[in-house]
Each structure stands twice: as C-alpha cells, then as structure tokens.
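Here is the structure we will look at, set down as structure tokens.
Hydrogens, waters and symmetry mates are skipped; everything else that's a heavy atom, side chains included, is used. Here, residue 1 is the first one in the sequence, and each next residue gets the next number.
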Amino acid sequence: MADLIVFGEDWGGLPSSTQHLIGHLMKDHRVIWINSIGMRSPRPSWQDFKRLCQKLGSMLSSSRQAQPDTEPTPFIINPKVLPFHHCKLVRQINKRLLLNDINKAIAQQGFDHIILWISLPTAVDMVGSLNEQASIYYCGDDFAGLDGVDHATVAPMERELAQKVDLILVVSKILARKFTNPNTIILPHGVDYRLFSTPAERPADLPGDGPIAGFYGSISPWLDIDLLAQSAIAMPSWQFVFIGEIKTDISSLQALPNVHFLGPRPHHQLPSYVQHWNVAMLPFRNNKQIEACNPLKLREYLASGTPIAATAFPAVREYDTLVAIQSHREPFSRVILRAGQQQQAKNLRQERVATESWQHRAAELGTLINHLSP
C-alpha cells in the first residue's frame, strides 16, 4: 500500500477538498502532510506581517503527529521556506530545506512506496526529488483568477508542474481545459453528507425575528456585496446572516439593521446554522475565479436540505432543478423569495447528493492511486 506525501494548505483549519479526500485515504495509507508553502510574496501590510509572524512561529515548531482523534491522523511538517518563489536561488534553498525535513520524516515514519500529492504549484520542485513511485497534481482552483496569488510566478510553475506529474486531477470541466496532459481526470468535489444531513439544534445566536437568508465561508471580494446590500434593503422583514472571516469591505452591509456578521465557526458547527436558515445563499460575482470554482458549500447546502438562492455560475447549473438561480437582470431579492418557496423539495435536494459523499470520491481516488502504485 502506497504512502502519501501531501503538499496542501495548513492542516486543521476549515477542511479543503484535499483535507477531506486525504482524511478518508488515511484509513488505508500513511500520510506525511506539509503545511502551506504559500503562493505569493509578502506585501508591506499589517495583515501580511501577522501572517509572516505566524508562519515563522510554525517554522520554529517541530514536526508532529496531528492530535489523535477517532480517525487516523497525518504526520505534519511545518515547512521552513522563504516566501519569494519568483527567485531561482530561493527556490533552490527552499527545495534543500524541504528535502531535509521530509527525508527525516520518511526515515522516522518508515515510508517506502511513496506517492507525491501536490495541491499548490509552488511545490513543483519536489517532483522527482523524493524517489516517489508517482506524482499527482490536484487542481482545485483556477489560480490564474484567484485573489491573493502571485500570478506572474505561480502560472509558469503550474505549467511546469503539469508537464512533470503522472496524473492531474481537476474538480471541474473548465479546469480540465487548462491542461494538455492526457492523464487529466475530473474528480468533482464531494460532501460530508452524514454531517450536513443529520438534524442539529438551532444555535442560540441566530436572530429569531423573521426568516433568515444565510451564507457561510470567506467573506471575500468574490462575494457581490452590492447585490447583497440591495437585497437586504429590499427585504427588511428578512434577516441576513453571514458566518466567516471578513476579508473585504462590508461597510454597506454593516450599516443595515437586518444584517448580522457572526464571525467564523468550526466546520462541524455549520450544519446547525444552515439547517435553520430559510434560504442559503451563493451570492458570487461573475469573474474568472467563480467561472472555474466548484464550491464545497454548494453540496453542503444541498445535503442540509435548505433551499438555495444563487447567482449564475457553471458549477451551480448542474443542479438547476434544485436551486433558484438568478436570471439576467433579476433582482437577487426575488431569487431569495423563489428559493423560499421550495421548502417542500428538501428530500430531493438531499437525495441528489447522497451518493456524492467524500467517501465515494475517496474510493474513486483510491482506485486511481492503486493503479499508480503497482
């Protein structure tokens, strides 16, 4: 059975698709997980300074096994790398530092038949350096359209990575079109169906006066804040609830009495919120990032059974019979009201994603990995 070395985001935050998939694969495969090595150079800002301090603190901490739980856990490496990936000398230094830590972990854990999994193009220099049997690039986003990415540096690294690896996994047809590598396979996102479909108690901090339209996730520039403000003004009897870290200007929403920002919540608590909303929202802007996205929350919303109001983007059209999707020039407030009339279709929404669980996706992935590791 192959051992996995995974380059992903920081382990333990809100789980990404990589964490979901690898979490299920850990039942059959041992895993060394390398926390994020980043995709941009720091800027002269307070936010980047805090982030840099956090990463420096992580670098000084030792590699460790994740806190044991009822499920298997990976061996975690906090990478000692410099965040200047555009510089060839820095790339060489980073490669040497990473190899030193990873080879120590390989010896300590007794890894043998290695499959290399890369979710971030900035790890391209590791391909072929760990005596791996095979390598996989898991592309979950269109980095060319992603905010906060050093596009001029990451784009050529991604092209190089796509030529080096043995297998490319993408989460959508649009992302598949980026690559000429014939070994490109679409592996759509899954959902923790049991978590989101199991009834949960209503949280005490949800407003109780009027129906609720809610959203959870990063409150970032890809949300259409103007559209949301217009909707909240047009629907004064509705309460608009947002859960997540704020990363963009929300002043127009904060000024409204029926809009509530509750802050971030752990992933396992999200079902208790979305199940008690009248409508769950996907209010995205129309841009390159959203065109290629396949948001995890779409299937989570469906698994919860809650009606959904969405702006139009490719991934949501797959579920157009179950989601109220905004038409051209239609006010989003009207979309929310249309969604609110679909309460009776709860079972249909849940049944649609019952076979799209992360367990199903991981089983498909496990078969692919077994083919790569004879």
Side-chain angles (χ1 to χ4, degrees), residues 2-11 16-19 21-22 25-26 29-41 55 58-59 61-64 66 74-141 143 146 149-150 152-170 178-179 181 183-184 365 368-369 372-373:
D3 296 318
L4 305 178
I5 294 179
V6 179
F7 282 83
E9 71 291 338
D10 289 353
W11 178 268
S16 66
S17 54
T18 299
Q19 286 197 43
L21 290 167
I22 298 301
L25 290 180
M26 281 192 292
H29 302 267
R30 296 180 297 176
V31 174
I32 293 173
W33 181 284
I34 296 88
N35 278 340
S36 175
I37 58 177
M39 288 193 293
R40 66 180 178 89
S41 300
K55 296 303 288 184
S58 297
M59 290 181 195
S61 65
S62 58
S63 303
R64 59 184 175 84
F75 184 87
I76 297 173
I77 292 177
N78 292 309
K80 302 178 180 68
V81 296
L82 301 172
F84 304 99
H85 305 290
H86 61 279
C87 176
K88 290 184 178 180
L89 177 60
V90 168
R91 285 178 62 171
Q92 293 172 0
I93 294 171
N94 286 345
K95 180 178 179 179
R96 183 171 299 179
L97 292 171
L98 284 167
L99 283 176
N100 182 59
D101 286 344
I102 295 171
N103 283 326
K104 286 181 181 178
I106 289 173
Q108 180 180 342
Q109 299 297 308
F111 274 32
D112 187 9
H113 303 294
I114 293 172
I115 299 289
L116 178 60
W117 172 292
I118 292 178
S119 298
L120 303 176
T122 41
V124 59
D125 293 328
M126 305 310 297
V127 178
S129 300
L130 295 165
N131 196 31
E132 68 268 17
Q133 290 186 328
S135 55
I136 298 170
Y137 173 37
Y138 179 74
C139 181
D141 284 296
F143 294 115
L146 201 63
V149 171
D150 185 351
T153 299
V154 170
M157 296 178 89
E158 184 179 48
R159 289 193 293 269
E160 181 183 351
L161 179 61
Q163 293 174 351
K164 284 184 172 182
V165 295
D166 300 291
L167 175 65
I168 299 175
L169 298 175
V170 296
K178 291 179 58 178
F179 303 107
N181 188 325
N183 296 321
T184 300
L365 178 57
L368 293 171
I369 287 176
L372 290 173
S373 179

Between [atom1] on residue [X] and [atom2] on residue [Y], distance to nearest 0.5 Å:
| X | Y | atom1 | atom2 | value |
| --- | --- | --- | --- | --- |
| Ile168 | Lys164 | CD1 | NZ | 13.5 Å |
| Met157 | Ile118 | CE | CD1 | 10.0 Å |
| Arg30 | Asp112 | CZ | CG | 8.0 Å |
| Met126 | Leu120 | CE | CG | 13.0 Å |
| Arg91 | Asp125 | CZ | CG | 4.0 Å |
| Gln163 | Glu158 | CD | CD | 11.5 Å |

Taking all atoms of both residues into account, what is the closest heavy-atom pair of [X] and [Y], and its distance?
| X | Y | result |
| --- | --- | --- |
| Trp33 | Gly8 | CZ2-CA, 4.1 Å |
| Pro121 | Leu161 | CA-CD2, 3.9 Å |
| Leu99 | Ser129 | CD2-O, 3.6 Å |

Using a 3.5 Å distance criterion without hydrogens, assess whether the side chain of [X] forms a donor-acceptor pair with backbone atoms of [Y].
| X | Y | value |
| --- | --- | --- |
| Glu132 | Leu130 | yes |
| Asn181 | Asn183 | yes |
| His85 | Ile37 | yes |
| Asn35 | Asn78 | no |
| His86 | Thr153 | no |
| Asn94 | Val81 | no |

When you compare the side chain of [Y] with that of [X], does any pair of heavy atoms fall below 4.5 Å?
| X | Y | result |
| --- | --- | --- |
| Val170 | Phe179 | yes |
| Asp101 | Ile34 | no |
| Ile369 | Leu4 | yes |
| Leu21 | Tyr138 | yes |
| Asp166 | Ile136 | no |
| Ile115 | Asp3 | no |
| Leu365 | Leu169 | yes |

Exercise for review: Using a cut-off of 6.0 Å, state whether more than 12 heavy atoms not belonging to Asn131 lie near its atom CG.
Suggested key: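 Check fails, neighbour count at 12 or below.
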Check your understanding: Between Ser16 and Glu9, is any side-chain donor less than 3.5 angstrom from a side-chain acceptor?
Key -> yes
Check your understanding: Are side-chain N/O atoms of Ser119 and Tyr137 paired as donor and acceptor at under 3.5 Å?
Key -> no
Practice item. Assess whether ring-ring contact (aromatic ring centres under 6.0 Å, His included) is satisfied between Phe7 and Trp117, documenting all intermediate values. Key: CA-CA 6 Å; Phe7 282 83; Trp117 172 292; over 10 Å; no
Exercise for review: Go through the steps to decide whether Phe111 and Ile32 satisfy the test side chain to side chain contact (heavy atoms under 4.5 Å, CB included), and finish with yes or no.
Suggested key: CA-CA 9 Å; Phe111 274 32; Ile32 293 173; 3.5 Å; yes
